[in-house]
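Everything on this sheet refers to the single structure shown next.
Protein chains get the first letters and strands the later ones, always in sequence-line order, with residue 1 at the start of each. Note that the structure is a prediction, hence the values are computed from the model and not measured.
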Amino acid sequence: MSIDTVVTRFAPSPSGEVHLGNARTALFNELLARRRGGRMVLRIEDTDAARTQEVFVSALIADLSWLGLRWAEGPDVGGPHAPYRQSQRGSIYQRYFEQLESRRLAYPCYCTSLELEISRRSQLAAGRPPRYAGTCRDLSPAARQAKVDRGVRPTLRFRVPSAQRIEFEDLVHGHQSFLSDDIGDFIIRREDGTAAFFYSNAIDDATMSITHVMRGEDHLTNTPRQRLLLGALGLSPPEYGHMSLLLGADGTPLSKRHGAVSVRELREAGYASAALCNHLFRLGHSTPNNAFLTLDDMAREFDLTHLQRSPAHFDPAQLRHWQSEWVRALSRDEARAWLAPMLPAGLAPEQLDAFIAAVLPNVVLAEDARLWQQIIFGEALAFEDAALAAARAAGPAFFSAAAGAVREHADLSALRSATGAKGAAFFMPLRAALTGRLHGPELAPLLAVMPGERVRARLLHFARAG
RNA sequence: GCUCCCUUCGUCUAGAGGCCUAGGACACGGCCCUCUCAAGGCUGGAACACGGGUUCGACUCCCGUAGGGAGCGCCA
């Protein structure tokens, strides 16, 4: 493993389901790693005990695996930088807290949440940026002792240096420049002793040898803080690429808080992970290739210069298109594996293949196939009003003639000559009587798979007029 | 309020000063195929937020305006 190896990471917090925005972030980190022959690290950011739920950790791993992502290091596979859960990295954080404190680069802050809230509001009301006022920045030993005596548990704040320019290159947005004077001293350790996000996130990236990180654009203005912190500790930050946010079709942020679209929901709706990845890959990233791509293809085509800087809207219609492409590209064996589980047990292989040949062109989601298997193999048949009317209109004679022509299997030409009907006058009553609806897959292959006795029974139903 | 980011068809996007009569994909319309739907083939409509510069020439560069978004949290 050379020193130049690209190491990316995906660092979700297990406080909810994996949403599309997270999934895309994970995918892009994976693609960047694959593209450069590197690896990805999975890290669980569970410092907020109140919001963390253990079920989300396993759900998250399941979702990412389902998407086809793979990480070389993580809580489930271990690795040289273990542990991979922030809740277990306290001693590492402690070491750097001590360093910062002893060098007076951080100081205890005794302000209460209430005091801070009041300060923030009054600053905002006065038309000023809501920044930490610096109340505890230079407390005298006596003043500090007084706070301690009152039993106030302090947080730890990072002392942001004044009059510094923080510059860096963003993988997506290019050169960035910020002024340290615009940044207030921020909390790096909470009252309960746990590490806060700015801190743990930056420390972990540095100590886990992460070299590149694709993350949401909401972190762009956090980056100077993290660089300052790492700089003070003599640690080197990874390169960050800030990706535009993913919005819903309605233009609202597709975040944990607002979005209802999770990987789990899409999977349960019957979408293939490859289809989802194809859509995600083109959200905020462009490729001249309009073909359905595998993850390896995507890795080859992944290009940081083709990352879009403006927000993208998740479009269910486009997801559906990729899903449709996925179905269209299914080999016979793959289609069999996909659809067999929803068909009646004990079906002959020829019947399974006949079913697939008949319905696959009309199938996008597994749900569609389920509907047709129900119509073809199910006992009861539900009729749409229009179909019922169309069947009745053909008259009992049509159906008794047709039913009489059904042998072991229903043969279209035998039925045609028996009824003497042709064209739509022949097909539509048949379609209506056999499927209960006016639209669907071609009738010939459909008839080939439907058991002969069922065909006869459904035809006879309309032969008894009245 | 301050700082930062963003703005090309309905949507995803191509475009790095002349290659742009702005290209592709999805969606939508039409035609063909056809028992219907789907699939497939052909085809059509559809965009540079606005205003100033710079330049022989601007979607591309600069400056403003408008609009959208993020951050400024003991949330990540």
Side-chain angles (χ1 to χ4, degrees), chain A residues 11-13 15 45-48 50-51 86 109 111-113 116-117 120 123-132 153-157 170 172-173 176-179 181-184 186-192 194 196-198 200-201 215-225 242 244-245 247 249 251 253 255-257 279 281-291 305-306 308-322 324 327-328 359-364 368 387 390 421-432 435 437-444:
Chain A
S13 66
S15 56
E45 306 222 328
D46 55 354
T47 58
D48 185 359
R51 301 206 317 163
Q86 291 190 327
C109 171
C111 299
T112 65
S113 303
L116 293 170
E117 181 58 29
R120 238 191 315 275
Q123 288 182 84
L124 235 22
R128 299 171 50 80
R131 283 201 279 275
Y132 179 59
R153 296 184 63 189
T155 59
L156 190 65
R157 270 185 200 273
D170 183 89
V172 178
H173 295 272
Q176 301 293 311
S177 172
F178 294 84
L179 253 20
D181 291 336
D182 289 328
I183 303 169
F186 54 92
I187 289 174
I188 56 178
R189 188 179 64 206
R190 304 187 186 103
E191 188 183 315
D192 66 4
T194 59
F197 167 78
F198 287 134
S200 56
N201 182 264
R215 42 153 42 163
E217 202 182 83
D218 46 337
H219 291 301
L220 184 55
T221 49
N222 291 160
T223 307
R225 275 169 251 271
H242 292 92
S244 60
L245 262 21
L247 306 177
S255 75
K256 279 183 272 210
R257 299 185 283 281
H279 185 220
F281 181 57
R282 291 164 172 92
L283 246 25
H285 178 269
S286 65
T287 169
N289 197 335
N290 286 323
T305 68
H306 279 95
Q308 189 76 2
R309 289 175 298 275
S310 50
H313 296 71
F314 174 73
D315 183 359
Q318 280 171 57
L319 204 215
R320 197 179 161 80
H321 166 255
W322 292 115
S324 176
V327 174
R328 256 13 102 212
V359 308
L360 208 57
N362 287 61
V363 167
V364 175
D368 305 326
K422 60 180 182 179
F426 171 68
F427 283 101
M428 292 317 280
L430 272 186
R431 174 179 293 285
T435 70
R437 42 185 63 215
L438 258 19
H439 303 310
E442 277 185 60
L443 212 46

Determine whether a donor-acceptor pair (N or O, by modelled atom type, separation under 3.5 Å) exists between the side chain of A/Arg437 and the backbone of A/Arg431.
no
B/rC31: pairing nucleotide in any strand, Watson-Crick or G-U under 3.5 angstrom
B/rG41
For A/Arg309 and A/Ser244: C-alpha separation, side-chain torsions, deciding distance, then whether side chain to side chain contact (heavy atoms under 4.5 Å, CB included) applies.
CA-CA 5 Å; A/Arg309 289 175 298 275; A/Ser244 60; 5.9 Å; no
Is the base of B/rU13 touched by the side chain of A/Gln308 through a donor-acceptor pair closer than 3.5 angstrom?
no
May I ask you to decide if A/Arg131's main-chain N or O and A/Gln123's side chain share a donor-acceptor pair within less than 3.5 Å?
yes
First of A/His219 and A/Arg128 reached from the 5' end of RNA chain B, by closest nucleotide:
A/Arg128
Short side-chain N/O contact from A/Arg309 to OP1 or OP2 of B/rC6, under 4.0 Å:
yes
Just checking A/Ser286: base, sugar-phosphate only, or nothing, at a heavy-atom cut-off of under 4.0 Å?
sugar-phosphate
Does CZ belonging to A/Arg128 count more than 12 external heavy atoms closer than 6.0 Å?
no
As a test of reading the structure: which of B/rA76, B/rA25, B/rC12 is closest to the side chain of A/Asn290, going by heavy atoms?
B/rA25
Strictly by Watson-Crick or wobble contacts shorter than 3.5 Å, is anything paired with B/rU60, and which nucleotide is it?
none
From CG of A/Leu245 across to C1' of B/rU7 the rounded distance in Å is 15 Å
Taking the same atom, C1', in B/rC59 and in B/rC19, what whole-Å distance lies between them?
14 Å
With heavy atoms under 4.0 Å as the rule, sort A/Arg225 into base, sugar-phosphate or nothing.
sugar-phosphate
Just N and O in the side chain of A/Thr221: are any of them under 4.0 Å from OP1 or OP2 of B/rC72?
no
Nearest-Å distance once atom C1' is located in both B/rA76 and B/rG71:
13 Å
Taking the C1' atom of each, how far is B/rA47 from B/rC28, in whole Å?
16 Å
Answer with base, sugar-phosphate or nothing: what part of the nucleic acid does A/Ile187 contact at a heavy-atom distance below 4.0 Å?
base
Nearest heavy atom decides the nucleotide; on that basis, is A/Gln176 or A/Thr47 closer to the 5' end of RNA chain B?
A/Gln176
Whole-Å distance between B/rC9 P and A/Asp315 CG?
15 Å
Phosphate OP1/OP2 of B/rG73: any A/Ser113 side-chain N/O under 4.0 Å
no
Span that lies between the C1' atom of B/rC63 and that of B/rG23, in whole angstrom
30 Å
Donor-acceptor under 3.5 Å (A/His173 side chain, A/His242 main chain):
yes
Which whole number of Å gives the distance between the C1' atom of B/rG29 and that of B/rA46?
11 Å
Should the pair A/His279 and A/Phe314 be assigned to parallel (<30°), tilted (30 to 60°) or perpendicular (>60°) ring geometry?
tilted
Sugar-phosphate only, base, or nothing, as touched by A/Asp48 at under 4.0 Å among non-hydrogen atoms
sugar-phosphate
Does B/rC5 have OP1 or OP2 sitting under 4.0 Å from an N or O in the side chain of A/His242?
no
Please determine, for the side chain of A/Leu124, which listed nucleotide (B/rC26, B/rG1, B/rC5) has the closest atom?
B/rG1
Listed nucleotide nearest any side-chain atom of A/Arg51, set B/rC75, B/rC74, B/rG1
B/rC75
What string of B, S and - do you get for nucleotides 36-47 of chain B, 5' to 3', if B is base contact, S is sugar-phosphate-only contact and - is no contact with any protein heavy atom under 4.0 Å?
BBBS--------
Rounded to whole Å, the NE2-C1' distance (A/His313 to B/rG69) equals 11 Å
Choosing from B/rG69, B/rA14, B/rA76, which nucleotide comes nearest the side chain of A/Phe197?
B/rA76
Sugar-phosphate only, base, or nothing, as touched by A/Ser310 at under 4.0 Å among non-hydrogen atoms:
sugar-phosphate
Expressed in whole Å, how much space separates the C1' atoms belonging to B/rG10 and B/rC20?
22 Å
Carefully, step by step, assess A/Tyr132 and A/Cys111 under the rule side chain to side chain contact (heavy atoms under 4.5 Å, CB included).
CA-CA 10 Å; A/Tyr132 179 59; A/Cys111 299; 3.4 Å; yes
Quote, to the nearest angstrom, the P distance that separates B/rA70 from B/rG57.
40 Å
Interatomic spacing from OG1 in A/Thr47 to CZ in A/Arg189 - rounded to 0.5 Å
14.0 Å
Applying a 4.0 Å non-hydrogen cut-off, can you work out what A/Arg189 is touching in the nucleic acid: base, sugar-phosphate, or nothing?
nothing
Please state the P separation for the pair B/rA25 and B/rC32 - nearest whole angstrom.
23 Å
Which is true for A/Gly284 with a 4.0 Å heavy-atom rule: it touches a base, it touches only sugar-phosphate, or it touches nothing?
sugar-phosphate
Side chain of A/Phe198 only, please: which of B/rG10, B/rC35, B/rA76 is the nearest?
B/rA76
Can you find a side chain N or O atom of A/Arg190 that sits less than 4.0 Å from OP1 or OP2 on B/rC75?
yes
Any side-chain N or O of A/Gln318 below 4.0 angstrom from OP1/OP2 of B/rA27?
no
Closest to the side chain of A/His306, out of B/rC74, B/rA14, B/rC26, is B/rA14
For a quick check of understanding: with a heavy-atom distance under 4.0 Å over all strands, which category does A/Phe178 fall into, base, sugar-phosphate or nothing?
sugar-phosphate
